[in-house]
Amino acid sequence: MLKLYNTLSRSKEDFIPIIPGKVSMYSCGPTVYNYQHIGNFRTFFFEDILYRVLRYNGYKVKYVMNITDVGHLVSDQDEGEDKMEKSAKLLGRSVWELAEFYTGVFYRDRDLLNILPPDVYTKATDYIKEQIEMVKCLDDKGFTYKTSDGIYFDTSLLKDYGKLARLDIEGLQEGARIEFSAEKKNITDFALWKFSPENEKRQMEWESPWGKGFPGWHIECSAMSKAVLGNHFDIHCGGIDHVPIHHTNEIAQSEACNGEKFVNYWLHGEFLDMGNEKMSKSSGKFVTLQTLIDRGYSPMDYRYFLLTAHYKKKQKFSFDALDSAKNGYNNLKSRILAMKISSDGIRDATAQQREDLKKSFIEKINDDLNMPEAMSVIWETVKDSSLNSAEKLELIYDFDKVTGLGLEKLEKDSDNAEVPDEIIKLAESRAEAKAKKDFKTADEIRVKVREMGYEISDSKDGFDIKKL
Ligand code: AMP
Ligand code: ZN
């Protein structure tokens with residue numbers, strides 16, 4: 001049984017879809033006013049793992065991700081400029097060109113990280129009509145009011161507003177009294193539709209029953225998920241920062257307009273902590289996938305790094321940590337390549353042994369996507385001395401449908417061929433000798449390998465090989 005941690009209940013729950021065998025899932029995608037940094041990709045990677053785990057469990061998944069190309073203001077609340085318009089002005093390009101360019105880079109990086117595309121991408125500017133309809137629906141039901149700069153949602157009219165984040169509304173209201181805009185009735189109220197400024201021509205603006213303007217950021221996800229998945233669906237995910245504002249407001253809009261429960265399971269990925277590496281987009285200094293490539297890493301080294309942390313825990317990024325992930329991934333690739341050319345015969349494995357490994361892998365991934373432990377099962381399979389290479393590969397290729405490390409397609413190339421197969425085979429026989437406590441043979445092999453120009457050392461995954 002698949003178990004997922006639901007932010008709504010603050011607990012791990014059995015996953016039961018609305019329609020047996022099918023899953024409807026929505027995640028908040030990129031705002032395409034700039035490059036995505038490697039932190040953003042941690043969230044998209046977590047969503048990719050979720051999508052893969054659902055499919056591995058046999059579900060037919062309809063997965064929707066949006067592309068925000070309008071309406072996301074500099075502050076997640078409703079102040080500041082539109083990120084897209086601001087960036088376009090700075091670069092002297094049109095917002096439309098900008099959106100197309102950064103969406104393209106996002107797709108490229110996604111593919112390089114072997115993140116599967118969703119079944120449907122919804123672009124905010126393609127759904128303006130649906131967003132206006134939803135604002136109209138809220139207007140008709142009396143949830144809105146007008147200020148000098150837009151149409152706002154009155155959050156005090158919903159009894160359970162803030163239930164996802166368990167917001168302390170009174171506390172927020174008290175704390176914010178000083179800078180709290182006079183026109184907003186409650187601190188948590190938010191814009192559904194913003195008017196174009198009177199003396200400024202916006203590049204993106206549309207006619208609406210309330211005047212020319214553009215949609216607020218939150219309404220796009222409520223309107224687009226409704227258009228593609230319906231009023232009520234299974235899973236909604238995103239980064240942890242979306243809990244108190246964006247997702248809270250999506251729930252408010254959807255449940256107020258539709259009059260029914262919006263989403264059953266809310267999943268949130270923790271942040272990548274950049275430590276000393278700055279990652280603020282506004283400062284213009286942040287680490288992208290291209291930064292890693294320029295420094296000699298492969299995008300898949302970064303994917304391997306991401307697999308080493310559970311999505312609900314903060315993960316600290318450093319180049320040292322990335323180096324050890326790269327090392328681990330290289331070791332894994334060397335072992336897989338050696339197995340591919342190995343013709344070792346039948347060993348003493350039983351079908352039970354293979355079943356146990358598979359069962360253990362499924363247990364880990366179905367325990368709220370525990371990928372670090374699922375990776376341990378992959379290493380256990382690599383090191384298992386009762387299975388032959390063909391049997392191990394069959395299992396590992398199957399597991400890699402979830403981990404996405406490209407192990408089946410792996411070919412011997414200049415990048416992977418650092419350690420000759422002969423040396424890997426010797427290192428494997430040494431590991432076997434050690435397992436049988438035949439330390440004399442193990443030492444002899446180590447000396448022989450050293451004479452051939454390589455050093456074997458023990459590691460938590462079995463062994464490391466370095467060229468001398
Ligand atoms: P944005 O392009 O700003 O809309 O963000 C895209 C996604 O990245 C959202 O789901 C954010 O929650 C997520 N995100 C932003 N910063 C980080 C970070 N440092 N680590 C992980 N995810 C992040
Ligand atoms: Zn969203």
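Keep in mind that the numbers below use all heavy atoms, side chains included, and drop hydrogens, waters and symmetry copies. Atoms within each ligand, like the ligands themselves, are counted from 1 in listed order.
At a 4.0 Å heavy-atom cut-off, ligand 1 does not touch M274 at all. For D241, every heavy-atom contact with ligand 1 shorter than 4.0 Å involves the side chain, none the backbone.
Smallest separation of non-hydrogen atoms from T188 and T155: OG1-OG1, 2.7 Å.
Taking 2.8 Å as the threshold, H247 does not count as a candidate ligand of the Zn ion (ligand 2), since none of its N, O or S atoms lies below it. Metal site remark for the Zn ion (ligand 2): H246 contributes an N, O or S atom at a distance under 2.8 Å. In summary, an N, O or S atom of C28 is located under 2.8 Å from the Zn ion (ligand 2).
Taking the six-membered ring wherever Trp is involved, the centroid distance between the rings of F41 and F106 falls below 6.0 Å. Aromatic ring centres of Y59 and F15: separated by under 6.0 Å. Residues F233 and F262 place their aromatic rings such that the two centres sit under 6.0 Å apart. Side-chain rings of F317 and F305 approach one another, their centers coming within less than 6.0 Å.
Side chains of S24 and D234: a donor on one and an acceptor on the other come within 3.5 Å. Side chain to side chain, H242 and E250 fail the donor-acceptor criterion of an N or O pair below 3.5 Å.
Listed by number with element, the atoms of ligand 1 under 4.0 Å from a non-hydrogen atom of P30 are 2 (O). The contact set between ligand 1 and Q36, taken as ligand atoms under 4.0 Å from a residue heavy atom, comprises 2 (O), 6 (C).
Here's the thing with G239: one of its N/O atoms is less than 3.5 angstrom from an N/O atom of ligand 1. Distances between N or O atoms of L272 and those of ligand 1 include at least one value under 3.5 Å. Considering backbone and side-chain atoms alike, I240 places every N or O at 3.5 Å or more from each N or O of ligand 1. For ligand 1, the polar-atom distance check against R42 finds no nitrogen or oxygen pair separated by under 3.5 Å. The shortest N or O to N or O distance between T31 and ligand 1 is under 3.5 Å.
Minimum-distance N/O/S atom of E250 relative to the Zn ion (ligand 2): OE2.
Summarising the geometry, atom OG belonging to S298 is positioned 11.5 Å from atom CZ belonging to R303; distances are rounded to the nearest 0.5 Å.
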